[in-house]
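Structure record follows, encoded as structure tokens.
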Amino acid sequence: MKFGGTSVADAEAISRMINIVESKLDKNPIIVVSAMAKVTDLLYQIADAAEQKDEATARALVSDLRNRHTTVINGLIPDGPEREKALEEVYRICHNLEVFVEAVCTLGELTPRSKATIISNGERLSSVVICYAMRQRGINVGFSDARKMIIVTGDKLKGEPDMEAIQELVPKKIALRTDAGYPVVITQGFIATTPEGDAAVLGRGGSDYTASLIGMAMNAETIEIWTDVDGVKTADPRRVANTHSIERIAFEEAAEMAHFGAKVLHPLTIAPAVEKNIPVKVLNSMNPTSPGTIILQSDQIEEGAKSISFKEKILMLNIFSPKMIDVSGFLQRVFQIFAKHNVSVDLISTSEANISITMDAGQDLTQVVEELSEFAEVRVFDDKSQVSIIGKNVANQRGLLRWALASLNNVTVYMISQGASSVNISFVVDRENLDEVLQEMHNILFEY
Ligand code: ADP
Ligand code: ASP
Ligand code: MG
């Protein structure tokens with residue numbers, strides 16, 4: 001059972017999440033918690049301030065962090081030993097953070113390892129608060145540190161799980177607690193360690209991924225992602241009016257939705273569940289009786305459009321070269337450059353002398369553009385958005401494209417990608433038209 005930031009945002013939310021856990025004690029759940037809402041953002045600000053040697057700001061922000069958690073403890077746990085222990089632990093973690101941040105301020109240099117150390121504190125704090133609150137409520141919960149189970153390699157701010165180590169360590173560490181008589185175990189999402197013992201994290205929104213990694217390693221019956229909406233919806237309810245909850249979707253559909261921008265799940269959450277065929281449920285901690293969404297193997301799911309995803313900020317490159325005409329190996333030359341600079345691309349479309357490519361914004365393309373410019377004309381557009389219709393076999397659904405295009409009547413479409421994946425049709429439009437396109441497309445496909 002994973003509880004996201006809004007599900008543990010304050011005393012009231014935590015109290016609600018404890019009720020939910022209490023109703024499932026017979027299942028011996030493992031609880032994975034995120035940092036309280038906005039706390040990870042605050043920690044990123046602390047890291048930035050430290051890097052800029054702005055000690056006053058960094059200290060003030062650490063103080064905000066401490067106050068936020070002590071306020072929740074005081075509102076949630078009545079006076080007594082659990083409250084004392086929770087406060088003591090929060091003071092200790094915040095004190096250590098302050099000392100660490102001062103050191104970074106002095107050095108004025110923030111390595112990925114230091115940044116990972118700083119941003120790990122949100123989950124460490126929330127897990128402590130929730131653990132003591134659960135104990136005070138009479139739940140015999142054991143505490144297990146995710147950093148001893150989730151081993152990652154590569155980028156310390158977006159680690160790649162070492163599946164073998166995780167499958168070995170998770171059952172061992174959890175058994176240490178269950179064998180000691182704890183029916184429930186709590187741990188943190190997002191945070192991890194490298195094989196060398198350095199701090200690392202799984203990337204923004206990574207707590208979902210932690211939950212599915214643990215679910216996989218434990219051969220869990222179900223992986224429950226508790227969030228702030230009634231399951232996976234036909235579009236992001238924050239951007240589109242009249243969305244509906246989807247009762248059942250396939251692993252492939254959920255993975256594709258997340259990969260193409262739906263923030264409801266971290267894009268890599270589904271893979272570990274698929275590995276062991278474990279159903280993933282997306283549920284609303286603010287409305288626990290709502291059925292939410294169940295994500296299952298594809299053969300149990302009907303075909304058709306399920307949802308609209310979008311990426312608001314993308315980069316689109318248009319590469320023009322007359323040398324491409326009738327020449328083999330041109331695409332290879334182009335993509336070698338992307339590979340060399342570790343830039344991953346999303347959509348591709350080619351014509352006689354042009355290639356259009358989209359990729360996530362925030363990637364540094366300077367060198368890619370420089371090298372491409374040696375043999376082609378390159379234009380970079382940073383004012384585009386990508387909209388995707390996701391659903392099993394949607395690419396082969398007769399008539400769907402006609403409806404989709406009808407919703408794009410009044411806007412310029414720069415790229416269409418259909419057919420490469422049977423679960424996805426994507427369009428590139430101007431960012432200024434995004435809201436209009438999303439709503440119109442949703443009205444046409446899902447207003448019933
Ligand atoms: P948590 O903190 O629980 O991890 P997130 O904010 O990461 O929650 O994800 C939940 C949010 O995802 C919702 O509030 C919603 O705005 C957004 N979202 C985007 N696309 C969808 C979708 N298709 N269905 C449901 N929610 C979506
Ligand atoms: N706290 C982390 C974040 O905000 C991870 C998560 O909530 O999933 O990105
Ligand atoms: Mg999330």
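Being a predicted model, the structure only gives us computed values, none of them experimental. All residue numbers refer to positions in the sequence shown, counting from 1. Counting starts at 1 for both ligands and their atoms, in listed order.
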Going by the side chain to side chain donor-acceptor pair (under 3.5 Å) test, name the single residue among T289, D230, D228, T227 that passes it with N284.
D230

In the protein, which heavy atom is nearest to atom 27 (C) of ligand 1, and how far is it?
V264 CB, 3.6 Å

Any atoms of ligand 1 less than 4.0 Å from a non-hydrogen atom of V232? List them with their elements.
24 (N)

P237 contact mode with ligand 1 (heavy-atom cut-off under 4.0 Å)
side chain

Return the closest protein heavy atom for atom 15 (C) of ligand 1 as residue, atom name and distance.
D236 OD1, 3.4 Å

Close approach of A235 to ligand 1, heavy atoms, under 4.0 angstrom
yes

Whether G189 lies under 4.0 Å from ligand 2, heavy atom:
no

Measure up the W226 and F3 rings against each other and bin them: parallel (under 30°), tilted (30 to 60°), perpendicular (over 60°).
parallel

On a heavy-atom basis, I'd like to know which of K263, R238, R239, H266 is closest to atom 14 (O) of ligand 1.
R238

Which ligand 1 atoms, with their elements, are less than 4.0 angstrom from a heavy-atom of G231?
25 (C)

Which pair of heavy atoms, one from H442 and one from N242, lies closest together, and at what distance?
CE1-O, 3.2 Å

If you count the atoms of ligand 1 from 1 in the order shown, which ones are under 4.0 Å from a heavy atom of M257?
23 (N)

Taking atom 1 (P) of ligand 1 as the point of reference, which of T243, T227, I249 owns the nearest heavy atom?
T227

How far is atom 4 (O) of ligand 1 from the closest protein heavy atom, and which atom is that?
K2 NZ, 3.0 Å

Is there a donor-acceptor pair under 3.5 Å between the side chain of S307 and the backbone N or O of K233?
yes

R135 with E82: basic N within carboxylate O range, under 4.0 Å:
no

Need the ligand 2 atom indices (1-based, order shown) with element for anything under 4.0 Å from a heavy-atom of T40.
1 (N), 2 (C), 3 (C), 4 (O)

Determine whether the side chain, the backbone, both or neither of E123 has a heavy atom under 4.0 Å from any heavy atom of ligand 2.
side chain

Give me the nearest non-hydrogen protein atom to atom 6 (C) of ligand 2 as residue plus atom name, then the distance to 0.1 Å.
S207 OG, 3.3 Å

Name the closest protein heavy atom to atom 13 (C) of ligand 1, giving the residue it belongs to and the distance to 0.1 Å.
D228 OD1, 3.4 Å

Starting from atom 7 (O) of ligand 2, which protein heavy atom do you reach first, and at what distance in Å?
S34 OG, 3.1 Å

Please determine whether the number of non-hydrogen atoms from other residues, nucleotides or ligands lying under 6.0 Å from atom CG of N342 exceeds 12.
no

Give a yes or no on whether the ring-centroid distance for Y91 and H95 is below 6.0 angstrom.
no

Numbering as shown, the atoms of ligand 1 that approach A262 to under 4.0 Å (heavy-atom distance):
20 (N)

Nearest neighbour in protein (non-hydrogen) for atom 2 (O) of ligand 1
G5 N, 3.1 Å

Contact between ligand 2 and G4 is defined here as a heavy atom of the residue under 4.0 Å from a ligand atom; is it met?
no

Quick one: nearest non-hydrogen protein atom to atom 23 (N) of ligand 1, plus distance?
K233 O, 3.1 Å

Please identify which of these residues, V264, L265, V232, meets the side chain to side chain contact (heavy atoms under 4.5 Å, CB included) condition with T293.
V232

